[in-house]
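Order of appearance sets the numbers: ligands from 1, and atoms from 1 within every ligand.
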Amino acid sequence: MKVKSGESVVLIDSKGKKRTVMAGDKVKKIRHLGFVDLQELVGKPYGSRIQIESRTHWILPPSIVDEIETIRRRTQIILPKDAALICIYCGIRSGYSVLEAGIGSGALTIALANQVAPNGTVISYEKRGDILESAKSNLERVSLEKRVSMNLKDVTEGISERDLDAVILDIPNPCDAVKNAWESLKIGGYLCAYTPLVSQLEDVVKKMRKYPFIEIRSLENLQREMVVGERGTRPNFHMLGHTGYLTFGRKVKE
Ligand SMILES: C[S@@+](CC[C@H](N)C(=O)[O-])C[C@H]1O[C@@H](n2cnc3c(N)ncnc32)[C@H](O)[C@@H]1O
């Protein structure tokens with residue numbers, strides 16, 4: 001399989017540092033990489049190597065994790081470990097209609113858009129125009145913009161869509177959007193709130209208990225990497241101690 005012009009590819013060096021680029025573009029200065037002739041990538045077999053500024057990089061098609069990890073961050077993002085749990089616990093699958101707020105940098109959007117493909121939709125609400133624009137360019141870089149409907153909208157002021165399969169809230173005050181989420185979900189649809197603070201988690205759970213949601217539960221998802229050395233194996237000294245709590249609930253009839 002060879003790289004085609006206009007394809008998104010990931011360049012990974014021997015230390016695991018990676019960048020996602022668009023093959024076929026002109027020479028570009030890429031942060032932490034230097035000048036790269038993106039036309040040179042076209043026709044190269046996937047899995048082969050390329051020298052960039054004296055460092056070797058492997059050329060691969062980007063995985064969902066690559067797409068999220070190489071995103072340009074304008075906000076805090078939902079990391080792959082939490083995005084994976086959101087997709088599984090909300091039962092998100094191909095063909096689903098899923099709403100998220102806010103879009104932020106578009107990291108969770110990437111996971112959702114891949115999951116609902118090829119016929120599903122991700123509807124993203126974001127209340128800041130500048131953030132919406134940068135999320136749009138992040139999604140364009142990984143060719144996912146056509147799968148996402150991006151709206152400059154405050155989710156606490158209302159959700160126009162109905163019969164949604166899932167609503168995911170990553171905003172500072174998710175409790176203020178619980179009523180709108182309940183109204184927009186189909187029966188059996190899931191609400192998920194991602195909250196960095198315990199106080200936000202408590203507020204959202206208390207609010208969800210006022211509506212017909214069942215299976216309300218909050219999870220913390222801890223992950224640590226193992227290091228395999230010559231003399232033994234141990235957990236990595238560095239661990240991302242905390243990201244956010246995930247609260248889930250499922251809509252039933254009034
Ligand atoms: C932490 S970021 C979201 C990050 C995103 N989930 C990601 O993975 O890249 C939170 C975003 O929510 C937006 N936001 C905050 N309150 C909102 C609201 N009521 N309606 C829509 N967007 C909102 C903020 O402007 C910000 O961009």
Subject >> Heavy-atom donor-acceptor pair, S48 side chain to K44 backbone, under 3.5 Å >> reply: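 Looks like no, no N/O pair under 3.5 Å.
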
Original post:
With no hydrogens and no angle check, is any side-chain donor or acceptor of K251 less than 3.5 Å from a backbone partner on L185?
Top reply: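 The answer is yes, because a donor-acceptor pair under 3.5 Å joins these two groups.
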
**OP:** Report the relative orientation of the aromatic rings in F213 and Y211; use parallel for angles under 30°, tilted for 30 to 60°, perpendicular for over 60°.
**Re:**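 Perpendicular, since the angle between the ring planes exceeds 60°.
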
Subject >> Residues in salt bridge (charged side-chain N to carboxylate O under 4.0 Å, His left out) contact with R55, at least two apart in sequence or another chain >> reply: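 D13.
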
Tabulation required: pairs of a nitrogen or oxygen in ligand 1 and a protein nitrogen or oxygen under 3.5 Å; columns are atom names and distance to 0.1 Å; otherwise 'none'.
from, atom 1, to, atom 2, distance (Å)
ligand 1, 6 (N), D170, OD2, 2.8
ligand 1, 8 (O), I78, N, 3.0
ligand 1, 8 (O), L108, N, 3.1
ligand 1, 9 (O), S105, N, 3.2
ligand 1, 9 (O), G106, N, 3.2
ligand 1, 9 (O), A107, N, 3.1
ligand 1, 19 (N), D154, OD1, 2.7
ligand 1, 20 (N), V155, N, 3.0
ligand 1, 22 (N), K127, N, 3.3
ligand 1, 25 (O), E126, OE2, 2.6
ligand 1, 27 (O), E126, OE1, 2.8
ligand 1, 27 (O), E126, OE2, 3.2

**OP:** Could you name each residue pair satisfying ring pair (Phe, Tyr, Trp, His ring centres under 6.0 Å) that touches residues 74-119, not counting sequence neighbours?
**Re:**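 Sorted result for residues 74-119: Y89-F248.
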
Throw together a table of side-chain donor-acceptor distances under 3.5 angstrom for residues 65-84, partners on residues two or more places apart or in other chains.
from, atom 1, to, atom 2, distance (Å)
D66, OD1, K18, NZ, 2.7
D66, OD2, S63, N, 3.0
D66, OD2, S63, OG, 3.2
E67, OE1, N114, ND2, 3.2
E69, OE1, K18, NZ, 2.9
T70, OG1, T20, OG1, 2.4
T70, OG1, D66, O, 2.7
R74, NH2, D130, OD2, 3.0
T75, OG1, S105, N, 3.2
T75, OG1, S105, OG, 2.9
K81, NZ, N221, O, 2.6
K81, NZ, T243, OG1, 2.8
D82, OD2, T243, OG1, 2.7

